[in-house]
2 protein chains.
Amino acid sequence: MPMIKLIEITEKSSPGCCSPNLAPRIGGDEVRTLSDDLGVLAHPIRLQILDMLAQRDGHVCVCDLEAALPVKQPTVSHHLKLLRAAGLIDCERRGLWVYYFLLRPALESLRTRLLAQFDALR
Amino acid sequence: MPMIKLIEITEKSSPGCCSPNLAPRIGGDEVRTLSDDLGVLAHPIRLQILDMLAQRDGHVCVCDLEAALPVKQPTVSHHLKLLRAAGLIDCERRGLWVYYFLLRPALESLRTRLLAQFDALR
DNA sequence: CAGATATATTGAAGAGTGTCAATATAGCAT
DNA sequence: ATGCTATATTGACACTCTTCAATATATCTG
């Protein structure tokens, strides 16, 4: 009796089309972190902010970014906050102005992780 | 009179903090395409699907993917559709089953574009 | 053709995201 | 202190994304 049940289950789980034991090689935490980081990059305004910070190596104040972007000041602040929370940029206050700058090591580390992922897809 | 107004405007647009002529080097279309592509990658299920397709080089049927993922069948179909719309994968029907596979050239091209972007951030 | 199975599509519900006006905060200048 | 300027935060709204049950479609089998 248990024999019959076992056979049924086995056939059900392998109906002739499947490669068994297929599983993603990237696990729960790792894949979550990676997709979160990709999500931070996946916005035109944020990509453009990173690009502008990369140009003016030192520091760029928010009013410059705002002037160069097609969104209003609170939206710029919002995206800056997300980039900062992701550890990709940081800022420093000088008088009235706040100057943002890239955290190049963090970007380098993200680049490395992304490349590793792409290489895993060969 | 116009002189005074001109001076006011000039001072307003350059209050002493700003680097003038700052603009993103990546334009509207290009940055939109890139962020869209990143958005497709920015999901754990989709990353895991790509990873599994990369493992079984040839073809993987949907039931295998479904068995290995923590979401139901319609959700798997949904993510497969997004990946296909992005040009990263394609599929082929064989009898009852549909086999999905990576489009490696597309992935390679995306990798190249991403790398170029990261290099631009130096 | 009728029944069975694999996958796709539809439609709805809930969560999350992007944007901005309004307001708050922080620092300078008078 | 008062006012002024740069940036941050809040709150609301619209929109998109993710997920799934239900249903539809496609294909095989008898």
Side-chain angles (χ1 to χ4, degrees), chain A residues 8 11-19 22 31-32 35-49 53 59-86 89-101, chain B residues 8-9 11-19 22 31-32 35-36 38-49 53 59-86 89-101:
Chain A
E8 278 171 2
E11 292 196 337
K12 201 155 214 156
S13 69
S14 183
C17 74
C18 299
S19 36
L22 183 62
V31 80
R32 185 57 169 270
S35 59
D36 283 353
D37 287 342
L38 283 166
V40 174
L41 294 183
H43 194 286
I45 299 291
R46 293 195 287 272
L47 284 177
Q48 290 181 311
I49 288 175
L53 295 184
H59 309 80
V60 180
C61 75
V62 179
C63 56
D64 284 340
L65 298 172
E66 187 188 343
L69 291 170
V71 289
K72 302 281 185 183
Q73 179 263 320
T75 304
V76 175
S77 266
H78 171 67
H79 290 298
L80 288 169
K81 189 176 188 176
L82 293 183
L83 288 167
R84 205 154 88 93
I89 68 176
D90 203 353
C91 64
E92 167 197 19
R93 180 152 215 144
R94 259 186 265 156
L96 268 184
W97 297 283
V98 176
Y99 292 86
Y100 279 83
F101 51 90
Chain B
E8 279 173 1
I9 288 172
E11 292 196 335
K12 201 157 213 156
S13 68
S14 183
C17 74
C18 299
S19 37
L22 183 62
V31 80
R32 185 57 169 273
S35 59
D36 283 354
L38 284 166
V40 174
L41 294 183
H43 193 286
I45 298 291
R46 292 196 287 272
L47 285 177
Q48 291 181 310
I49 288 176
L53 295 184
H59 309 80
V60 180
C61 76
V62 179
C63 56
D64 284 340
L65 298 172
E66 187 188 343
L69 291 170
V71 289
K72 303 282 183 180
Q73 179 263 320
T75 305
V76 175
S77 266
H78 171 67
H79 289 299
L80 288 169
K81 189 177 187 176
L82 294 182
L83 289 167
R84 204 154 89 93
I89 68 177
D90 203 352
C91 63
E92 167 197 18
R93 180 151 216 146
R94 260 188 262 156
L96 268 183
W97 297 282
V98 176
Y99 292 86
Y100 280 83
F101 50 91

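In this text, all values refer to a predicted model and were calculated from it rather than measured experimentally. Order of the sequence lines fixes the chain letters, A, B, ..., with proteins taken first and strands second; residue numbering starts at 1 for each chain.
- Nucleotide C/dA6 holds its P atom 9 Å from the CD atom of B/Glu66, rounded to whole Å.
- Spacing between atom CG of A/Leu47 and atom P of C/dG18 amounts to 12 Å, rounded to whole angstrom units.
- The residue B/Arg84 sits apart from the nucleic acid: no heavy atom pair falls under 4.0 Å.
- Contacts with DNA chain D (heavy atom under 4.0 Å) in residues 68-81 of chain A: A/Gln73, A/Pro74, A/Ser77, A/Lys81, listed by number.
- The distance from the CZ atom of B/Arg93 to the SG atom of B/Cys61 is 11.5 Å, given to the nearest 0.5 Å.
- Atom CG of B/Asp36 is separated from atom C1' of C/dG18 by 14 Å (rounded to the nearest Å).
- Counting to the nearest Å, the P atom of C/dT5 and the CH2 atom of B/Trp97 are 11 Å from each other.
- The interatomic distance linking A/Leu38 (CG) with C/dT17 (P) rounds to 14 Å, in whole Å.
- The backbone N or O of B/Leu96 lies less than 3.5 Å from no partner atom in the side chain of B/Arg94, so there is not a single donor-acceptor pair.
- Rounded to whole Å, atom C1' of D/dT7 lies 16 Å from atom CG of A/Leu82.
- In this structure, the side-chain contact (heavy atoms from CB on, under 4.5 Å) partners of A/Ala42, at least two apart in sequence or on a different chain, are B/Leu38.
- A search for side-chain contact (heavy atoms from CB on, under 4.5 Å) contacts involving A/Asp36 returns A/Arg32, not counting sequence neighbours.
- Each of B/Trp97, B/Phe101, B/Tyr100 was scored for a side-chain contact (heavy atoms from CB on, under 4.5 Å) with B/Glu92, with one residue passing: B/Phe101.
- Taking SG of B/Cys91 as the start and CG of B/Leu53 as the end, the distance is 10.5 Å to the nearest 0.5 Å.
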Enumerate, atom names and distances included, each donor-acceptor pair closer than 3.5 Å involving a side-chain atom of residues 72-82 of chain B, sequence neighbours excluded.
unit_1, atom_1, unit_2, atom_2, d
B/His79, ND1, B/Arg46, NH1, 3.0

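- Between B/Tyr100 and C/dA8 there is a side-chain N or O to OP1 or OP2 distance below 4.0 Å.
- With sequence neighbours excluded, the residues forming a salt bridge (charged side-chain N to carboxylate O under 4.0 Å, His left out) with A/Arg84 are A/Asp90, listed by chain and number.
- Going from atom NE2 of B/His59 over to atom P of C/dT7 covers 14 Å, rounded to whole Å.
- The separation between A/Tyr99 atom OH and D/dT7 atom P is 8 Å, rounded to whole Å.
- Between B/His43 and D/dT19, a side-chain N or O to OP1/OP2 separation shorter than 4.0 Å is present.
- By the 4.5 Å heavy-atom criterion applied to side chains, A/Ile45 and B/Ser35 are not counted as neighbours.
- Within residues 89-96 of chain A, the residues having any heavy atom closer than 4.0 Å to DNA chain D are, in order of number, A/Leu96.
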